[in-house]
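Computed over heavy atoms, backbone and side chain alike; hydrogens, waters and symmetry mates excluded. Worth saying up front: this structure is predicted, and the values here are computed from it rather than measured.
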Amino acid sequence: VLSCLKEASSPMSHALVLFLFSSPGIPYKQLTVGVPKEIFQNERRVALSPAGVQALIKQGFNVVVESGAGEPSKFPDEQYTQAGATIKDLKDVLASDVVVKVRAPVFNPTVGVHEVEMMKDAATLISFIYPAQNPELMDMLSQKKATVLAMDQVPRVTIAQGYDALSSMANIAGYKSVVLAANSFGRFFTGQITAAGKVPPAKVLIIGGGVAGLAAAGTARAMGAIVRGFDTRAAALEQFKSLGAEPLEVDIKESGEGQGGYAKEMSKEFIEAEMKLFAKQCQDVDIVISTALIPGRRAPILITKPMVESMKDGSVVVDLAAEAGGNIETTVPGELSVHKGVTHIGYTDLPSRLPTQSSTLYSNNITKLVRAISPDKDNFYLDVKDVFDYGTMDHVVRGSIVMQNGKNLFPAPQPNNVPVAAPPKPKSVQELEAEKTAQISPFRATLTTAGAYTGGVATLLGLGLSAPNAAFTQMVTTFGLAGIVGYHTVWGVTPALHSPLMSVTNAISGLTAVGGLSLMGGGYLPGTTAETLAVLAAFISSVNIAGGFLVTQKMLDMFKRPTDPPEHNYLYLLPGGVFVGGYAAALQSGYNIEQMMYLGSGLCCVGALAGLSNQTTARLGNALGMMGVAGGIAATLGALKPNPELLAQMSAAMAVGGTAGLAIAKKIQITDLPQLVAAFHSLVGLAAVLTCVAEYMIEYPHFATDPAANLTKIVAYLGTYIGGITFSGSLVAYGKLQGVLNSAPLMLPGRHALNASLMAGSVGGMIPYMLDPSYTTGLTCLGSVSALSAVMGVTLTAAIGGADMPVVITVLNSYSGWALCAEGFLLNNNLLTIVGALIGSSGAILSYIMCVAMNRSLANVILGGYGTSSTGTGKPMEIVGTHTEVNVDQTVEMIKESQNVIIVPGEMSRGN
């Protein structure tokens, strides 16, 4: 080409260069689109509305419309003129470069000539054609060297929904069928109870769940009728159900999915079963609307003459397949008739009976198709390919064009990459549980329930008999009641508030600081190892408290809109000041009301969880959580009455920790908030471990004389175990969410055996721990179980994929609650027991709720994926199906036509 440009000295060279650089096709401004008046009997539609004319003129076409073409559709010539069209006679219109029609060309008796003969040679025709049923018409068009776009052959794929005229007309036919049925039916569709008597609702059976059937179902339901729907395709039955209709099925399991959105022909056994179903339904329903069609075949007979005769007098049947022979044996195509008291509506022109709406939709289909198949801004050009992929624009073009320059291209070849039938949808956890429950006999179910209650009652009796003192019994009572409250608090939580709820419970679980404060000692500095561990526990708990509440606040701020009314959350300082300040005043006056403070703090924490269950009370919930924690810490300091030096040590530890927590939470990005909650969880676990070990060290000298020594040792051991799992598991969850660790499940060889060994080692460690009174043995066992539980937290959490980390975090949140409970029992502290049981039980329920929402098994999450085999090893899951690539204009059109838009954020949205 560059050589030609350099040496272009002759006219031939100039012509070659012009040919090489000119765009294919014909400029739009050189083409005329003709809209003739439809002459088919009773046809009232027109191919282009004035709005459609305006769209084509905007694209560059010239448009001529036959005088009176739009009158039956309520589009007078004046509207076409205002849209930019020219009004001409039939001869000039049919001589256009592009002719758009509704019905296929026919013989015109008025002028005595076939419409095809009046078309110019090499013209383009856009119309319903039905090439398989009209071979003679195809021959005539071939002799004219015509190019034909058949609106009935537009592939029924996602990208072509805007051009699918068959669906547009079927939608109108379904709506109109119900209107006509209601007009012929002698009663209301909706049921009524009036002073004059009770009117039962009409019962409507719709056969066929395509576009027409679903439109009929929606219209009949809107009019108040009882609607039943039948289809051989499972997806269509689901759509019936979504519209409020009762889906009807037969016992034989056979898929009716066919090509192009149609149902396929079923087996003999299936047909016999469905005929029995129809016979039974005809005796009960008032109206039958049938829409069943098989492409290129006569419509199947579904309602026989005996079935019709079994219907009640005054019933109505509407046969939308009448033009293809009809689904109802007694239908008279094209007519309204009565057989044995049953009115038959066999009209074949239902879309034409709603001409304005039909013409508008059909015009939209044509204009969108023209823009799509010839996307060039300046020239009209059809690029027809014989090799193309399913669901692409090449597929639409090749399927729609049944003739090009007189060459018959029908039928189109099969596209590549035709999607296979979708695999059966896996059953959800709820469905599997329901099936499992259904298999249990009533006797066994009742026996299981009775056994559970028997076990619970026996456990309470056993605890009462083995209680070392009255304080333990009181603590168990507090624990049980708090657990019940937590269980019932979060069942109605809004899904959008799952993360803020986890964050606020995590902040509240920072009350492990109370345990640290209770064990602190010395002066300005700790004097023993136990006191040092206590300082560390108080410090890291303070990080969690301050940072946790700020993270919750930042999460809630994401829900704020510019139009929301102003908030005055500072007013919550008033009840908080009264709560803490009032206690300080009472303490100075010599009153010891710590237990009431603990009760108030516990109730505030209950209010925090309840408040975070709803958007309108979420900020109040966060404020109540702060009040509860502040009151609990104040009451602890009041009960301890530390000397000034120790109080300074306590204040410094909590102030430094709180400042660090605020700095971390303030610096973090919004997208990193969920993983920060996981990181803060680890601090709660670590604080629980430190507190339990410190408590063992401090209480060890009293074990020989304390009757509750064994209980103290057991609780310290369990608290250390739970805290270790929470600490390491939360760090792994943070790493996966933050991207520091690979989010894929880590499937270690023999991981289940490894976890079982770690569990066995942890449980086995209690034997020497309880039997050997040695201080060294006790600390060694506590150190061992903390190490084993930390390793177990890693192996359990690492085996779960990053997508399930939100559930893992809620499980670990529940663990932190139980660790807090252990501290409460150790220190005989009602506040820690109340809050721990509250967080533990509510976290467990929230974990279950999230597992159900994500179709996960809670047991598998807790046990590190035990029992699952679909991840980690073997061949990765193959993604089946097709995707459709569209340009910006097509995307805009699809969004405009959509009723719902689902946005799926992922890696592609980050530009990767």
### Task
Just jot down the ring-ring contact (aromatic ring centres under 6.0 Å, His included) partners of Y570, sequence neighbours excluded, or say none.
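ring-ring contact (aromatic ring centres under 6.0 Å, His included) list for Y570, sorted by chain: H568.
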### Query
Considering residues at least two apart in sequence or located in another chain, which fulfil the ring-ring contact (aromatic ring centres under 6.0 Å, His included) criterion with Y769?
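Checked Y769 against ring-ring contact (aromatic ring centres under 6.0 Å, His included); matches are Y696, Y717.
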Compare every heavy atom of [Y] with every heavy atom of [X], then report the nearest pair and how far apart it is.
| X | Y | value |
| --- | --- | --- |
| S789 | T720 | OG-O, 3.9 Å |
| G521 | Q649 | O-NE2, 3.2 Å |
| P500 | L556 | CB-CD2, 4.0 Å |
| M654 | A513 | CE-CB, 4.2 Å |
| T691 | A537 | OG1-CB, 3.5 Å |
| F549 | V504 | CE2-CG2, 3.9 Å |

Holding to side chain to side chain donor-acceptor pair (under 3.5 Å), I want the full list of residues that pass it with [X], two or more places apart in sequence or in another chain.
| X | value |
| --- | --- |
| T505 | N813 |
| S542 | none |
| T512 | S541 |
| N592 | none |

N/O donor-acceptor pair under 3.5 Å between [X] side chain and [Y] backbone:
| X | Y | answer |
| --- | --- | --- |
| S728 | A790 | yes |
| E695 | L519 | no |
| S842 | I839 | yes |
| Y700 | P773 | yes |
| S503 | G548 | yes |
| T552 | N622 | no |
| D772 | G778 | no |

### Message
Determine whether M697 and L533 satisfy the following criterion, side chain to side chain contact (heavy atoms under 4.5 Å, CB included), listing intermediate values before the conclusion.
### Response
CA-CA 10 Å; M697 292 177 172; L533 295 179; 4.1 Å; yes
Do [X] and [Y] have side-chain heavy atoms sitting under 4.5 Å apart?
| X | Y | answer |
| --- | --- | --- |
| V677 | F680 | no |
| L497 | M555 | no |
| Q588 | Y583 | no |
| L754 | M792 | no |
| F703 | T712 | yes |
| S651 | L647 | yes |
| V514 | L511 | yes |

Does [atom1] in [X] sit with more than 12 non-hydrogen atoms of other residues, nucleotides or ligands closer than 6.0 Å?
| X | atom1 | value |
| --- | --- | --- |
| M770 | CE | yes |
| M766 | CE | yes |
| K641 | NZ | yes |
| F559 | CZ | yes |

### Query
By side-chain contact (heavy atoms from CB on, under 4.5 Å), which residues pair with A798, not counting sequence neighbours?
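If we apply the side-chain contact (heavy atoms from CB on, under 4.5 Å) test to A798, skipping adjacent residues, the hits are V732, L746.
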### Query
With I668, which residues qualify under side-chain contact (heavy atoms from CB on, under 4.5 Å), at least two apart?
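With neighbours one apart ignored, the set is K554, D672, L673, L676.
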### Message
Is it true that N829 and E823 share a donor-acceptor pair across their side chains at a distance under 3.5 Å?
### Response
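Per modelled atom types, E823 and N829 side chains form no pair under 3.5 Å.
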Euclidean distance, [Y] [atom2] relative to [X] [atom1], rounded to 0.5 Å:
| X | Y | atom1 | atom2 | answer |
| --- | --- | --- | --- | --- |
| S814 | H681 | OG | NE2 | 9.5 Å |
| F539 | N544 | CZ | CG | 12.0 Å |
| L838 | C821 | CG | SG | 9.5 Å |
| S518 | I698 | OG | CD1 | 9.5 Å |
| L690 | F727 | CG | CZ | 9.0 Å |
| T810 | Y815 | OG1 | OH | 10.0 Å |

### Query
Looking at S774, S784, C781, which one forms a side chain to side chain contact (heavy atoms under 4.5 Å, CB included) with P768?
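With P768 as partner, side chain to side chain contact (heavy atoms under 4.5 Å, CB included) holds for just one option, C781.
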### Task
Using the side chain to side chain donor-acceptor pair (under 3.5 Å) rule, collect all pairs that involve residues 520-534, keeping only residues at least two apart or in two chains.
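Qualifying pairs: none.
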Using residues 682-689 as the side-chain source, report each donor-acceptor pair under 3.5 Å to any protein atom, sequence neighbours left out, with the distance given to one decimal.
{"residue": "S682", "atom": "OG", "partner": "A679", "partner atom": "O", "Å": "2.4"}

### Task
Enumerate the residue pairs fulfilling salt bridge (Lys or Arg N to Asp or Glu O under 4.0 Å) with a member in residues 615-634, sequence neighbours excluded, ordered by first and then second residue.
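Checked against salt bridge (Lys or Arg N to Asp or Glu O under 4.0 Å) - neighbours excluded - the pairs reaching residues 615-634 are D557-R619, E567-R619.
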### Message
Walk me through whether M759 and Y721 qualify under side chain to side chain contact (heavy atoms under 4.5 Å, CB included).
### Response
CA-CA 10 Å; M759 173 64 79; Y721 174 74; 3.1 Å; yes
### Pair Y591-L587, side chain to side chain contact (heavy atoms under 4.5 Å, CB included): steps then yes or no
CA-CA 5 Å; Y591 292 96; L587 189 65; over 6 Å; no
For residues 599-613, please give each side-chain donor-acceptor pair under 3.5 Å, one per line with the distance, not counting sequence neighbours.
{"residue": "S601", "atom": "OG", "partner": "M597", "partner atom": "O", "Å": "3.0"}
{"residue": "S601", "atom": "OG", "partner": "G628", "partner atom": "O", "Å": "3.1"}
{"residue": "S601", "atom": "OG", "partner": "G632", "partner atom": "N", "Å": "3.0"}
{"residue": "S613", "atom": "OG", "partner": "L609", "partner atom": "O", "Å": "3.1"}

### Task
Might you work through the side chain to side chain contact (heavy atoms under 4.5 Å, CB included) test for L620 and Y572, ending with a clear yes or no?
CA-CA 8 Å; L620 172 61; Y572 293 131; 3.5 Å; yes
